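Counting convention: from 1, in listed order, for ligands and their atoms alike. All values reported here derive from a predicted model rather than from experimental measurement. Counting begins at 1 with the first residue of the sequence.
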Amino acid sequence: MKIGIYGGTFDPPHLGHMEAARAALTLLELDKLFLIPAKLPPHKDMPAGGADPLARMSMTERMAGGLGPNVEVLDLELYRDGKSYTSDTLEELHKQYPDDEFWLLMGTDMFLSIQTWHAAERILSLAGVAGFARTESENQELLEVQAQYLHNTYGAKVCTIQLPHIVDVSSTQLRWELSLGQGRDKLYPPVYGYILRHRLYGTHADLKHLDWPELRACSYSMVKAKRIPHIRGAEETAVHLAETWGADPDLARMAGILHDCTKYYTMEEQLNLCAAYGIELDELEQRSVKLLHAKTGAAIARDIYGAPEEVCSAIYWHTTGRADMTLLEKILYIADYMEPNRDFEGVDQLRALTETDLDGAVLLGLEMSVQEMKDRGNPLHFRTAEARDWLKGQREHE
Ligand code: ATP
């Protein structure tokens, strides 16, 4: 396997890092890429006002989520005492992957100084080095000269790559911009959301009054990257249905953005939140983690993001439905069910029905849900049966 290793302080990880990682994956044809946040970088002092190692790790994980399944964040430098020497990291990785080929990725600043690093010779014997320019103005020729020097002096495997999209930014500059309320255009949204939620780098957003991109960023920072397209799809669909059926599009948007924010919380986290927010659970809910995220999501939407009650109740009921659903509850329920990323037999029919008969679509969604539970041998929550019977009854009386 060809494995890339991209180390850094990642304080915070920004779009420059992300573009470099993406380009290296393709240009070097890597099978895997490890992102390795340093605990104590040997080459620079940790800045005052920076984030702690665990927060840097969490932000790097969020960036990795946007880079695909071959990218992994390793915490091996975080739990090592003293300075985070690349040579120690490579020795460890070499033991774990004795037959694989390593390539260290680095921008000009690191590439030009690697011969001065601790145990440079050993580093260059354990891994190849791929250098790239960080800004348009950096001289590609200088990189070539250094590549030649490293090869001639150490017999190192060296290459230079040209990034197709250079993002001229450094973490230092970004920390400064963030403290002034700027810089979000240089951050992957889930990383930006993490920064806002944890008030890193002097940010002090009022989470109860975020604009839409900020609210999306916060929501996306709470889930796995693979869920983001679904959340975006549910948001757009909910807004469209609100416009079609006369609900408030802003409330529909907020409900769509936040509806799955606690989706990946563990059973323990869900139960702790239920206890903290006084959410009572029935017997089925106590053992079914999938039913809990709607309830805890509603509580977080209310408490952290200041969502109005209509939005919270739409989130609360979006998994099971209930009798007497409000218009917004119906809209979120069905938007979640059939947004454009969903793909199952009958989804097109369901989508078409939402344009002409919202209640009919919700009823069909509920019936499909009942059938699915039956087919899988899963117990059905009684609220879903109640919702179905209520809608059926309504239609019989029309
Ligand atoms: P700081 O401003 O705190 O020095 P940084 O932006 O240089 O931070 P690091 O985490 O120290 O970020 O960098 C890790 C690696 O990413 C280094 O190899 C660095 O050269 C590279 N790198 C940093 N910024 C960019 C960028 N904008 N484009 C490409 N590579 C970058």
Side-chain angles (χ1 to χ4, degrees), residues 4-28 33-53 55-64 66-67 71 73-75 77-78 83-86 89-90 102-117 120 123 127-140 142-143 146-147 150 158-179 183 185-188 191-192 195 200-202:
I5 298 173
Y6 194 14
T9 337
F10 300 124
D11 191 15
H14 48 64
L15 291 185
H17 296 129
M18 208 164 169
E19 284 303 329
R22 195 174 277 132
L25 273 166
T26 334
L27 297 175
L28 298 175
L33 173 59
F34 292 144
L35 303 178
I36 309 185
K39 182 175 173 193
L40 264 186
H43 329 283
K44 48 184 162 191
D45 295 327
M46 290 308 287
D52 65 45
R56 292 188 284 110
M57 176 86 195
S58 298
M59 288 187 282
T60 310
E61 274 167 350
R62 275 149 185 86
M63 178 173 82
L67 287 167
V71 181
V73 184
L74 301 188
D75 62 3
E77 294 193 354
L78 293 198
K83 292 193 169 177
S84 309
Y85 289 119
T86 302
T89 302
L90 276 175
F102 292 116
W103 281 87
L104 285 172
L105 317 180
M106 55 189 74
T108 324
D109 49 334
M110 297 290 137
F111 187 64
L112 294 182
S113 67
I114 187 165
Q115 67 275 18
T116 67
W117 292 12
I123 292 175
V129 182
F132 42 82
R134 293 175 50 156
T135 64
E136 298 287 358
S137 61
E138 275 165 10
N139 188 341
Q140 193 74 21
L142 196 59
L143 292 182
Q146 170 73 346
L150 292 174
V158 195
C159 72
T160 60
I161 53 179
Q162 245 172 326
L163 306 184
H165 308 288
I166 287 187
V167 187
D168 187 354
V169 62
S170 71
S171 298
T172 306
Q173 175 198 338
L174 201 45
R175 287 194 296 275
W176 171 247
E177 289 183 19
L178 284 165
S179 73
D185 53 322
K186 293 166 191 141
L187 287 160
Y188 180 50
V191 174
Y192 181 56
I195 291 169
L200 301 179
Y201 311 117

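- For atom 7 (O) of ligand 1, the closest non-hydrogen atom of the protein is R134 NH1, 2.7 Å.
- The atoms of ligand 1 that sit less than 4.0 Å from any heavy atom of S170 are 2 (O), 6 (O).
- Distance alone, capped at 3.5 Å, places no donor-acceptor pair between the H17 side chain and the A20 backbone.
- With sequence neighbours excluded, the residues satisfying salt bridge (charged side-chain N to carboxylate O under 4.0 Å, His left out) with K186 are E177.
- Checking only distances, L105 never comes within under 3.5 Å of ligand 1, N or O to N or O.
- For atom 1 (P) of ligand 1, the closest heavy atom belonging to the protein is T172 OG1, 3.2 Å.
- Here the heavy atom of the protein found nearest to atom 20 (O) of ligand 1 is D109 OD1, 2.6 Å.
- Within the structure, the closest approach of G50 to ligand 1 does not fall below 4.0 Å when heavy atoms are considered.
- Protein heavy atom at the shortest distance from atom 12 (O) of ligand 1 is H17 NE2, 3.0 Å.
- Nearest heavy-atom pair, P13 versus M63, reported as atom, atom and distance to 0.1 Å: CB-SD, 3.7 Å.
- Judged as a side chain to side chain contact (heavy atoms under 4.5 Å, CB included), and not counting sequence neighbours, the contacts of L25 are L30, L33, V71.
- Residue-ligand proximity: R175 is placed with a non-hydrogen atom under 4.0 Å from ligand 1.
- Looking at D52, its side chain does come within 3.5 Å of a backbone N or O of A55 through a donor-acceptor pair.
- Listed here is the closest heavy atom pair of A133 and L163: O-CD1, 3.7 Å.
- At a 4.0 Å cut-off, at least one heavy atom of H14 sits close enough to ligand 1 to count as contact.
- Ligand 1 places these atoms under 4.0 Å from at least one heavy atom of G8: 10 (O), 14 (C).
- The atoms of ligand 1 that sit less than 4.0 Å from any heavy atom of F132 are 29 (C), 30 (N).
- Side-chain atoms of S84 come within 3.5 Å of backbone atoms of K39 as a donor-acceptor pair (strictly under, hydrogens ignored).
- Among protein heavy atoms, atom 16 (O) of ligand 1 sits closest to Y6 OH, 2.8 Å.
- Applying the 4.0 Å criterion to heavy atoms of M110 picks out, from ligand 1, the atoms 17 (C), 18 (O).
- Counting the atoms of ligand 1 from 1 in the order shown, those under 4.0 Å from a heavy atom of T9 are 9 (P), 10 (O), 11 (O).
- Atom OG of S179 is separated from atom CG of L200 by 12.5 Å, given to the nearest 0.5 angstrom.
- Annotation: V169 places an N or O atom under 3.5 Å from an N or O atom of ligand 1; distance criterion only.
- Nearest to atom 6 (O) of ligand 1 among the protein's heavy atoms is S171 N, 2.7 Å.
- Near F10, meaning under 4.0 Å from any of its heavy atoms, are these atoms of ligand 1: 10 (O).
- Interatomic distance, M59 CE to D11 CG, rounded to the nearest 0.5 Å: 6.0 Å.
- Of the charged side-chain nitrogens involved, none lies within less than 4.0 Å of a carboxylate oxygen, so that R134 and D168 do not count as a salt-bridged pair.
- For atom 11 (O) of ligand 1, the closest non-hydrogen atom of the protein is K44 NZ, 2.5 Å.
- Put simply, the residue from Y188, Y201, Y192 that forms a side-chain contact (heavy atoms from CB on, under 4.5 Å) with P12 is Y201.
- Residue contact check for ligand 1: V167 places a non-hydrogen atom closer than 4.0 Å to it.
- In summary, the atoms of ligand 1 found under 4.0 Å from a heavy atom of M106, numbered by their order in the structure, are 18 (O).
- With respect to atom 18 (O) of ligand 1, the closest heavy atom belonging to the protein is G107 N, 3.1 Å.
- Annotation: side chain of S171 is in contact with side chain of H14 (closest heavy-atom distance under 4.5 Å).
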